[in-house]
Amino acid sequence: DAGVIQSPRHEVTEMGQEVTLRCKPISGHNSLFWYRQTMMRGLELLIYFNNNVPIDDSGMPEDRFSAKMPNASFSTLKIQPSEPRDSAVYFCASSLGGGRTDTQYFGPGTRLTVL
Amino acid sequence: DAKTTQPPSMDCAEGRAANLPCNHSTISGNEYVYWYRQIHSQGPQYIIHGLKNNETNEMASLIITEDRKSSTLILPHATLRDTAVYYCIVRAFYNNNDMRFGAGTRLTVKP
């Protein structure tokens with residue numbers, strides 16, 4: 001069974017450029033999460049989708065960040081324009097959704113460096 | 001703010017049991033205890049979760065005190081590949097987006 005797939009695994013870009021991170025959740029999972037991890041702030045939830053609908057985006061740092069989930073098997077996190085402080089590892093996670101003990105499974109992450 | 005307190009680091013000899021403690025003194029009756037780990041540069045990996053009974057799976061055992069204010073994750077025979085940061089998280093029923101990862105415990109398994 002394939003786990004959560006993220007691409008690219010590494011991204012290096014220059015300040016001001018648009019960056020798009022991609023995620024394919026585990027087949028059959030209805031919930032999808034985007035996290036960001038930095039040394040200073042640890043692992044933070046950015047946004048949470050359920051059945052392709054954004055449920056909680058309170059963690060999205062600012063308007064430069066946007067996320068979409070056009071269908072059950074694909075999501076994107078876009079940063080436009082990117083800034084050096086956006087450098088971090090971005091993780092996508094998915095879960096079945098619903099139920100008392102819904103377990104999240106994480107992808108390998110995308111390491112973003114903004115110069 | 002994370003709802004849990006963990007020691008920042010621990011060492012364990014290879015082949016011995018690793019016992020990782022976690023305090024969650026403000027846990028509510030509707031909150032589960034979850035454990036994840038993160039091996040360097042990888043995504044967090046689910047280990048185990050529990051409510052009030054002890055739990056065991058192929059990876060680890062979870063011991064939760066009777067008052068539920070603390071728990072211990074046990075890796076029965078630690079290997080070098082178990083070196084990782086271990087996160088203890090409490091999460092309410094049905095509150096899927098309330099996974100607050102604190103600083104965790106950095107476990108180093110030594111030969």
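Throughout, a chain's letter reflects where its sequence line sits, starting with A, and its residues are numbered from 1.
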Residue part contacting chain A, namely of B:Gln45, when any heavy atom lies under 4.5 Å: neither

Any donor-acceptor N or O pair under 3.5 Å, side chains A:Ser58, A:Asp56: yes

Distance-minimising heavy-atom pair for B:Gln6 and B:Trp35: NE2-CZ3, 3.6 Å

Proximal component of A:Gln104, with respect to chain B [non-hydrogen, under 4.5 Å]: both

Parallel, tilted or perpendicular, as decided by the 30° and 60° cut-offs, for the rings of B:His49 and B:Tyr46: tilted

Salt bridge present between B:Arg91 and A:Asp102 (N-O < 4.0 angstrom): no

Portion of A:Leu43 that has a non-hydrogen atom of chain B nearer than 4.5 angstrom: both

